[in-house]
Student: 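Structure provided below as structure tokens; questions to follow.
Note on naming: letters A, B, ... go to the chains in the order of the sequence lines (proteins, then strands), and numbering restarts at 1 for each one. None of these values were measured; they are calculated from a predicted model.
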Protein chains: 2
Amino acid sequence: MSSSEKAFNALGDPTRRIIFEKLRTSPLAVVHIAEGLSISRPAVSQHLKVLREAKLISIHQQGTKNIYQIDQQGILAMRSYLDSFWDTALAAFKSAAEKTEDHE
Amino acid sequence: MSSSEKAFNALGDPTRRIIFEKLRTSPLAVVHIAEGLSISRPAVSQHLKVLREAKLISIHQQGTKNIYQIDQQGILAMRSYLDSFWDTALAAFKSAAEKTEDHE
DNA sequence: ACTTACCGTAAGTACAAACTTACCATTAGT
DNA sequence: ACTAATGGTAAGTTTGTACTTACGGTAAGT
């Protein structure tokens with residue numbers, strides 16, 4: 001399973017997107033990530049594991065707390081996947097358009 | 001449900017990513033999209049609906065054939081979502097780093 | 001008009017994965 | 001040493017969703 005595949009799978013879940021977005025402004029401990037969420041803390045832990053394996057977040061310990069923060073690797077993987085569609089899709093679109101249109 | 005949310009949900013499924021990638025090089029009719037896939041054609045139709053509602057693909061008819069092609073809207077939505085993480089996550093990372101490091 | 005090719009939708013099933021509770025491990029503080 | 005705080009994992013349940021088959025509907029060809 002490629003890097004971007006894991007990332008797309010991970011962000012395919014709404015709850016994981018919410019968790020991911022919580023880390024946008026600053027790193028957070030698990031307790032704080034779980035705050036306000038309607039699911040149990042173990043469920044949050046399981047989501048964090050998926051996000052971590054997709055390299056969308058990274059962890060570092062601080063005493064008894066596990067601090068999670070955004071990891072750029074996963075984001076980069078998704079970006080380049082999407083970019084790989086960009087030009088080729090545009091070319092495909094053009095060639096399709098040129099069948100009905102005529103010049104320029 | 002926002003535009004990017006639908007797109008992430010759509011590309012969260014491996015089969016839909018395969019279908020999406022099949023359209024990378026050129027637009028295709030449903031029959032050709034289903035070729036080589038191990039699922040039934042109606043299943044493909046259902047996936048196409050999800051991708052279409054996420055604005056990741058668009059459709060245009062050609063006789064009795066329904067031709068699908070990449071739609072840039074969905075890709076753009078995902079890109080800007082990811083980009084919105086870019087700077088802020090970087091800033092968060094920096095501020096975290098500055099606590100342990102000291103200058104520059 | 002009839003047949004063939006193409007494809008979407010409905011309804012029901014089966015399975016993956018998102019949950020829960022229960023438990024255990026580690027660290028910090030007293 | 002004991003307690004409290006933090007959080008990961010195991011096992012089992014439940015639910016969402018990716019499938020299937022069956023059907024209907026439209027367009028093109030004869």
Side-chain angles (χ1 to χ4, degrees), chain A residues 1-2 5-23 26-71 74 96 99-100, chain B residues 1 5-23 26-71 74 96 100:
Chain A
M1 201 180 195
S2 88
E5 283 181 90
K6 283 185 189 171
F8 278 107
N9 278 347
L11 286 191
D13 181 77
T15 307
R16 277 197 287 271
R17 281 199 300 275
I18 293 178
I19 291 176
F20 189 59
E21 290 164 16
K22 276 203 169 193
L23 298 174
S26 75
L28 286 176
V30 179
V31 197
H32 298 121
I33 296 174
E35 274 171 10
L37 294 182
S38 56
I39 59 175
S40 69
R41 191 200 40 74
V44 173
S45 271
Q46 289 162 9
H47 282 308
L48 289 170
K49 187 179 183 181
V50 175
L51 287 168
R52 193 163 47 79
E53 287 174 349
K55 296 190 190 303
L56 283 164
I57 60 177
S58 64
I59 185 180
H60 69 100
Q61 295 203 355
Q62 190 169 328
T64 163
K65 295 190 178 177
N66 283 10
I67 312 288
Y68 284 91
Q69 63 179 276
I70 299 288
D71 186 348
K99 287 189 176 176
T100 47
Chain B
M1 200 180 196
E5 282 181 90
K6 284 185 188 172
F8 278 106
N9 278 347
L11 286 191
D13 181 77
T15 306
R16 277 196 288 270
R17 280 199 300 274
I18 292 178
I19 292 176
F20 189 58
E21 290 163 17
K22 275 203 169 196
L23 298 174
S26 75
L28 286 176
V30 179
V31 196
H32 298 121
I33 296 174
E35 273 172 12
L37 295 182
S38 56
I39 59 174
S40 69
R41 192 202 40 76
V44 173
S45 271
Q46 289 162 10
H47 283 307
L48 289 170
K49 187 180 183 180
V50 175
L51 287 168
R52 193 163 47 79
E53 287 175 348
K55 296 191 191 302
L56 283 165
I57 60 177
S58 64
I59 184 180
H60 69 100
Q61 295 202 356
Q62 190 169 328
T64 163
K65 295 189 179 179
N66 282 11
I67 313 287
Y68 285 91
Q69 63 178 279
I70 299 287
D71 186 349
T100 47

Student: Just the rounded figure in Å: distance from P of C/dC7 to CD1 of B/I33.
Tutor: 8 Å

Student: Using whole Å, what does the distance between atom P of nucleotide D/dG16 and atom CE of B/M1 come to?
Tutor: 14 Å

Student: First locate atom NZ of B/K55, then atom CD of B/E53, and finally report the distance between them rounded to the nearest 0.5 Å.
Tutor: 9.5 Å

Student: Can you check the B/E35 CD to C/dA5 P distance for me, whole Å?
Tutor: 14 Å

Student: What does the list of N/O pairs under 3.5 Å between the protein and nucleotides 12-15 of chain D look like, with a distance for each?
Tutor:
none

Student: Which distance, rounded to the nearest 0.5 Å, do you find between the OH of B/Y68 and the CD1 of B/I33?
Tutor: 7.5 Å

Student: Write down the distance between CG (B/D13) and C1' (D/dA18), rounded to a whole number of angstrom.
Tutor: 7 Å

Student: Could you tell me the separation between the CG atom of B/L37 and the P atom of C/dC7, rounded to a whole number of Å?
Tutor: 14 Å

Student: Please walk me through it: do A/I70 and A/F20 pass side chain to side chain contact (heavy atoms under 4.5 Å, CB included)?
Tutor: CA-CA 8 Å; A/I70 299 288; A/F20 189 59; 3.4 Å; yes

Student: Rounded to whole angstroms, how far apart are CG on A/L11 and P on C/dA18?
Tutor: 12 Å

Student: Please determine, for C/dC7, whether a Watson-Crick or G-U wobble partner exists with both distances under 3.5 Å, and give it or none.
Tutor: D/dG24

Student: Distance check, rounded to the nearest 0.5 Å: B/L23 atom CG versus B/D71 atom CG?
Tutor: 11.0 Å

Student: Looking at side-chain heavy atoms only, is the closest gap between B/L37 and B/I19 below 4.5 Å?
Tutor: yes

Student: Hey, are the side chains of A/K22 and A/H32 touching, using non-hydrogen atoms and a 4.5 Å cut-off?
Tutor: no

Student: Measuring from atom CZ of A/R41 to atom CD of A/Q46, what distance do you get when rounded to the nearest 0.5 angstrom?
Tutor: 10.0 Å

Student: Could you tell me how far apart A/I18 (CD1) and C/dA18 (P) are, to the nearest whole angstrom?
Tutor: 13 Å

Student: Starting from the 5' end of DNA chain C, give me the residue, A/Q62 or A/H47, whose nearest nucleotide shows up first.
Tutor: A/H47

Student: Specify the separation, in whole Å, of atom CD1 of B/I39 and atom P of C/dA16.
Tutor: 15 Å

Student: When rounded to the nearest 0.5 angstrom, what is the spacing between CG in B/L51 and CD1 in B/I59?
Tutor: 12.0 Å

Student: Determine yes or no for a side-chain-to-main-chain donor-acceptor pair under 3.5 angstrom, with A/R17 supplying the side chain and A/L11 the backbone.
Tutor: yes

Student: Enumerate all atom pairs, one protein N or O and one N or O from nucleotides 7-9 of chain D, separated by less than 3.5 Å.
Tutor:
| unit_1 | atom_1 | unit_2 | atom_2 | d |
| --- | --- | --- | --- | --- |
| D/dG7 | OP1 | A/V30 | N | 3.1 |
| D/dG7 | OP1 | A/N66 | N | 3.1 |
| D/dG7 | OP2 | A/V31 | N | 2.6 |
| D/dG7 | N7 | A/R41 | NH2 | 3.3 |
| D/dG8 | OP1 | A/N66 | ND2 | 2.6 |
| D/dG8 | OP1 | A/Y68 | OH | 3.0 |
| D/dG8 | OP2 | A/S45 | OG | 2.5 |
| D/dG8 | N7 | A/R41 | NH1 | 3.2 |
| D/dG8 | O6 | A/R41 | NH2 | 3.1 |

Student: Using a cut-off of less than 4.0 Å, is there contact between a side-chain N or O of A/S40 and OP1 or OP2 of C/dT20?
Tutor: yes

